[in-house]
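Before any comments, here is the structure.
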Amino acid sequence: MLRYRIVFVFLIFCIFACSDVSLSNGFYGAGYEGYVTPHVLWGRPWSKGNVRALVFVSGVPLGGKASSEYTKPGFSERDAIELVQRFDISVDTVMMCSPDSGITVPGRASYERLRGLLRNNRYDVIVLGNVSFDSLKSEIRYYILKQVQRGAGLVCVGFKPKRIFIEKNKLTEPECLIRLAGVWHSSFLHLRKGEGEAEVMRRIIDVYRLGKTRGVYVHYPIRPIALTPGMIYSRENAALYEYWNAWVGRVILWVAGRLSDIELKDGERGNEFIISNRGDKNENVDVDICYKDVLGEFIGKREKRCLSIGAGGFAKIGLKLPCVGNGRYYAEIIVRGRDGVKAFGCKVLEFRGNPKILSARSDKIFVEEGESITVRVRSEYVVGGEIRIELVDAHGRTIYRKSYSLGDGRRFANDIVGLTARLKMRDVLCVTSAMRVRVSLMSGSGKIFDRKDIRIGVTHRNQEGFKFVVWGERTDVLSYYAFKRLAERFGLKGAVSWVPEPLAANNVSQVAYVTKIVRPVKRNGKYVPFSWADNEGIDRYLRTKIDSAVWRKARGYGVMVWSLGDEPATSSVDDSMAYKRAYREYLRKRYGRIDKLNRIWKSKYRDFSEIDVLEKGDLKEESARRRGLYGRWYDRHYFMRHVFTNVFSRFKPIARKMDSKAKIGFEGAGELGKNPDIEGLVGVNDFWVTYNDVAFDIIRGLTGRDFICSKWMGYHKDAGHLISYAWDTIFRGADSLWWWRFDGIGKYNGLIKSNLEFWPQARELGDSLRILNEGLGDWLVDSDRAYDGVAIYYSHVSSAASGCKENLRFGSYAAGHEAFISLLRNLGVGYKYITANRIRKGELRSGKVKVLLLVKAHAIGDDVAKLMKDFVAGGGMIIADVLPGTFDEYCCVRREGSVLKFVFDDKRFSGRAVLLNRTIDDYIVEKTSGRGEKLRRRFYELFSRVGIRLMDFKIQNGRARGNVYFGRWRAGDVRIIGLLNSSSDVIRGNLVFDKMDIESDQKDADYVYGIDPSGDYGKIKNVRVELKAYRPVFFALSKERLLSPKLVLPEHIESGKEATISITGLSKKGKEGLFVWLEGPNGRCAFWSRRVVLSNNGRGEYRWMPAFEDVAGRWKIHVKALAGGREITGEIVKSR
Amino acid sequence: MFDFEIIFVIAERIMDRRDLIFFALCVLIIFFVLPVGNSYAEKIALVHVCPYSRIEPNIDGKISESEWKDGVAVSGFVYGADVRLAGVQTVVYAKRSKRAVYFGFICFEPKMESLVVEDVGRDGRLWWNDNVEIFIGVDRSSERYFHFIIDAKGRQYDGVCRSSGWNGKWKSVSFRGNDRWTLEVEIPFETLGNVPKKGEIWKINYMRGRVGKGVKDDSWASQWSPCAGDYHRPEKFGNLYFGNLYDDINRIDFNELRRIYRVLFSYPGPVVRVFVGDGYYDVRYAGEPKRYYYRNCNVSISKSLRKWVKGLKGLLVSNVEARDKKRIRDVLQMYCFTEETRKADKGKLAVVEWVNREIIAERGISELSNLYWDVKLKRIRRELLE
């Protein structure tokens, strides 16, 4: 019978476990096992037991309109978890879409959950963290008050419930809430004249009686994260955040009536405090005291005292700061009894008795690689004393230290001495973007009298190598941890953000989103008429934008790219005189003579100054298109796009003035349907990150490797799509991945949740991309994309002509290009784009082009057509889908038909001038059908005719080839081959290597190495491949055998001196990607040490600046060569 | 949830075989019986029956009774993550012939003067105009689907999944009336690359975009099958069932629908709602499908309102301020449907009336519940602060 009982009890437990799971979304208790941030255990375990709290937190709706679909949750939920880490408090969190909307996120289900929580649970305290009680629905307010009636306390942060917290019930603030909190010196709580610390705290807190319980209204002078004030990240504020949490925890415990009888109070003297026992029993307690500086770093050792305090008695305890210099310090006091923590507090201690540094200034607020900064110090004179200058990075590591004798300084009156020190920034790789120059005044015996920190930025642009970039303008203390997590998991290199501090601490550069160019210009709060064709106006506007203090600050820490975005394809047109003047000038340059324009336009203008729109009000000249006056319509259409090209060309010199290595461009737009001036824009810009469109392929095909180019991602919610999209972007030649809103917006999940945990799909994506961050990304970006001599013709006028009624039957221009690119990628052909201008410059004659693909090339000029004919006559091949060149370069219909018709009809060119006479747009849909396979075979055969040797990937079901994309790169003599499975099925096949190289006809097979998964296959001609769903495999091929790398290590290294570690024995003619990391004597791998090294001439270099804090002893250096996963480990001794 | 393996390891250790049977029974009880008693928010999977018709409609944009009487109409477009009924509704007819599938849209529009119909070209950003969108997945096993957008001028956008790359041959013509704009669409099966057999089920979703000035949030982007924000989620699409106009229980393959949604075996499965000509069936995870007729829509609505009416009537007899009592009486009067309202509905488009009544019911429940809680809140506040 007992067994049955056990089973039943177990099953009943299971039922409760199951039901709890359904409610556990947003429950955090004592067993919290998620991401842990640094914290102090102020109240765990708490002597008065666990407190159960329901915490409302809120996000901010995008665009200001309350809607759960577009809520930016920030890290408000994490603010509640921070409390759980520190106290014996279990919380259920509920996310609201805005502080004053009363709408729950994500929707009705969460509302039902909230209702269930309030109806089925008994809470000790209800906390509204930056959520207005009055905006909640009547039902929820009723249930909250029902909980209060049952004995729960109510804490409202940010918003006062006007009808609940009424004046007649207001109480005097208890001393425990206004003293020993330690936070009143924070920068935003200034002491007013004659005001004490307690008064300052009284300004932010009001206490009320609520029936038998209590209510507290907290109103910070700045917007809270949820429970604590939302301070902008700095190391000082991160330290303060700890004490704000302690204070909020105390408020909650007090409201819940759970403060113990042991109380901490200020003593009469500044450096003492009193422990009193209000209870009726003797209490034996342990008092833990530790000291920290303003950056939260420990000073001295922990003190521990055991006390016995009688009933109603008290004890005075003095605080003794360890031997420190002038400055402000925090003393953390925790009183523990047998059953847990009894009381806690923090006291601010000021020490001013030592000789002091009067001023410490640097001549620059930021420094570039190779530049120096000058630090000028004025200090009180100390006999035999010295000034120590240190360089400290964002992790608190001191990487440079030098002392100057005060005797060497310049003496002023009143025993003041001045010193100047110069620091040269040799290698920015060894330091973080956010640095501090620490100036210390010391005695001859090494005692520190005073210390001053100067914050400086070290410019890291992160423009080279592979980049993971996110959008997210988060600024608070918690955002630092979010960026840290992203840097560790995704190798974050850049972020679109307005505040650089949390980024710089993680070595993340900014994407400076200077302005939105479609936005009307605002001056003094009013929109003013503005024309984007007015050059003077543009210059003035852009100068004010880029000169703003925000970007000056950002530039110091490092701006990856200056973005003037987005939507440059948006039609910019107006009827201002400036616009008309610019348009007429453009036409004058294009046509030269008015009669030429009249011939094309079919108009009768006598002079360019007469030109105006065809129909009044029709600024886009759509009426001209309707009437078949395509030439006239196209000129206007192109000019609208050209206006933006002009804006960018003016933006560049302005940005360069501020940042000499600025990369200019924009992110967004790029839809080919809107026909942006791609060739013009890539000519004046240095980067362009488009939305998902074939425009990305055209941009990539027209630009070199130094042009930063990618597509935005982050809109999917499932791991499969995300992984597939990310790898597809890499295979298409992107040098970076750009994720929109890492913190999520309502329906878009982002990478990190509001509680700082990764979304499951993001975690999976991070795992999949790990190899990119461990060297493959940088290796691919440093390599050249394979090019097999296939060029695709792109022309803006053809793209425009595809919208004319004569060409509508052929479908959109974008569809044709997308289909061809998909086909080429399936076949593994390396291609690039070519334009009319490049053809005119002789690119077809260079011998580098073997096949010219004319995809819906409706409009071709006479001169370009002639060059194309010469190309075919010279042995090249032209493949066209539909009859090309039926329009001329002015977008006018050719009466005589196609300008290239005779080329396709000419028997001499038979076999080399191929007209498919149909579009292949359906290939996207049919690539896994028999028709898709047939088309692939036909093109395989066509390319073979001109000697292009393609890869052969044999799989049982040939149709599945449509789901496999190839990527090929060349790093010197080392070739990198990637295969990507874009489907949800596993694909197995045999990859034949010896058919793919167009440049060499070597008979021998190459040495084949697996990159991911790693492996050494030896000298083989083919390999069996298994492609998992949505995932790639990579191989490295080398003509020479790649040996195990060797390390050349210095005998020993010491703090503050740069050490260079050489890695040899690598491919001599090719480049290799290596991943290097260090392991300390304690066996821990230092995150800051993880770095990618690319080899050159068989050699790679890893530079390390050992910090004074780095443990002395034997350090291990691990090197992993990606090709074949060849590893080596060496040891190096670091002296003290 | 917990790990089955662990349970059985524990179970094996403490029990013999006879006990294991008992244990297994208990587990079954937990998973399949106990949850029945729990309440859960119902999810509804939608099925639009698309009947065969010999009459091919003349694609002129006008939805005439003669052309569409043998089509099945659905409505009840929703918006937002909360899945609320859109303030301005849309009715969609569907039927098929041998060679094509036809859709007729009635887009009710109280602000006809503010329709946006800018020319953005083929495959342009039609979603910036007043438009309807059709998402069709012809192969249930694939994530691929066709995407058609037609604006109030009949202009076309087509693509596959999120890409506009694909172009097909299909017809669309719109017509603008006084209080609505209508649209007829013909999509040949040849274009879609698949001819459906009787009983075949495709994925489908319809979306309506209203972009004019002053359009409220509750109707600027409404969908038939709710996709909560990201409309390109085929797993959230509804279904197009190639069946008959007034399909009855014997003709519809409910087991197939149950299989698709695993209604038989998975708890809590969604309610599968199958729209036929004169009403709909609700198929649940247990029991026979339940039939609802549009002509009885007031009855079911009254039922859903009754709970709140009862609660408020309870408050009327308790200690409530006179001002609140008057408010309660007014609201009760507004949402109690009478025999007269039922009679007045006759002869009108049933699906439209049904959805309008649903909207009223949704608003009614919201208003009645707000009033109920307002009154209760006042009372508890008074008690707490006194």
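Throughout, protein chains are lettered first and strands after them, A, B, ... in sequence-line order, and every chain is numbered starting at 1.
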Check whether B:Asp158 gets within reach of chain A through its side chain, its backbone, both or neither, counting any heavy atom under 4.5 Å. neither
Just wondering, more than 12 heavy atoms not from B:Arg144 lying within 6.0 Å of its CZ? yes
For A:Ser138 and B:Asn370, what are the C-alpha separation, side-chain angles and deciding distance, and is it a side chain to side chain donor-acceptor pair (under 3.5 Å)? CA-CA 6 Å; A:Ser138 310; B:Asn370 281 347; 5.2 Å; no
Counting only non-hydrogen atoms closer than 4.5 Å, does A:Arg625 touch chain B with its backbone (N, CA, C, O), its side chain (CB onward), both, or neither? side chain
At a heavy-atom separation under 4.5 Å, does A:Tyr111 approach chain B through its side chain, its backbone, both, or neither? neither
Can you tell me how far the OH atom of A:Tyr142 sits from the NZ atom of B:Lys378, to the nearest 0.5 Å? 15.5 Å
Is chain B contacted by the side chain of A:Leu672, its backbone, both, or neither, given a heavy-atom distance below 4.5 Å? neither
Do A:Glu139 and B:Lys376 have side-chain heavy atoms sitting under 4.5 Å apart? no
A:Lys212 versus chain B, the contacting section by heavy-atom distance below 4.5 Å: neither
Can you tell me which portion of A:His721 sits under 4.5 Å from chain B's heavy atoms? Options are side chain, backbone, both or neither. side chain
About how many Å separate NZ of B:Lys169 and CZ of A:Arg809, when rounded to the nearest 0.5 Å? 10.5 Å
CG on A:Leu145 to CD on B:Glu383, rounded to 0.5 Å: 10.5 Å
Assess whether a salt bridge exists between A:Glu671 and B:Arg125, defined as any Lys/Arg side-chain N lying under 4.0 Å from an Asp/Glu carboxylate O. yes
Here the gap from A:Arg141 atom CZ to B:Trp373 atom CH2, rounded to the nearest 0.5 Å, amounts to 12.5 Å
Can you tell me if A:Arg163 has over 12 outside heavy atoms packed within less than 6.0 Å of its CZ? no
Taking all non-hydrogen atoms of both residues, which atom of A:Asp922 and which atom of B:Asn167 are closest, and how far apart? OD1-O, 4.3 Å
Between A:Glu818 and chain B, which part of the residue has a heavy atom less than 4.5 Å away: side chain, backbone, both or neither? side chain
In terms of heavy-atom pairs under 4.5 Å, which option from B:Asp374, B:Val160, B:Asp119, B:Leu371 contacts chain A the most? B:Asp374
Shortest non-hydrogen contact between A:Gln149 and B:Leu384, atoms and distance: CA-CD1, 3.9 Å
Between A:Ile924 and chain B, which part of the residue has a heavy atom less than 4.5 Å away: side chain, backbone, both or neither? neither
Nearest 0.5 angstrom please: A:Phe165 CZ to B:Leu385 CG, how far? 10.0 Å
Please say whether more than 12 non-hydrogen atoms of neighbouring residues, nucleotides or ligands are located less than 6.0 Å from CD in B:Glu118. no
Per-residue contact mode, B:Arg381 against chain A (heavy atom under 4.5 angstrom): both
In terms of heavy-atom pairs under 4.5 Å with chain B, which of A:Leu808, A:Asp921, A:Ile164, A:Leu210 leads? A:Ile164
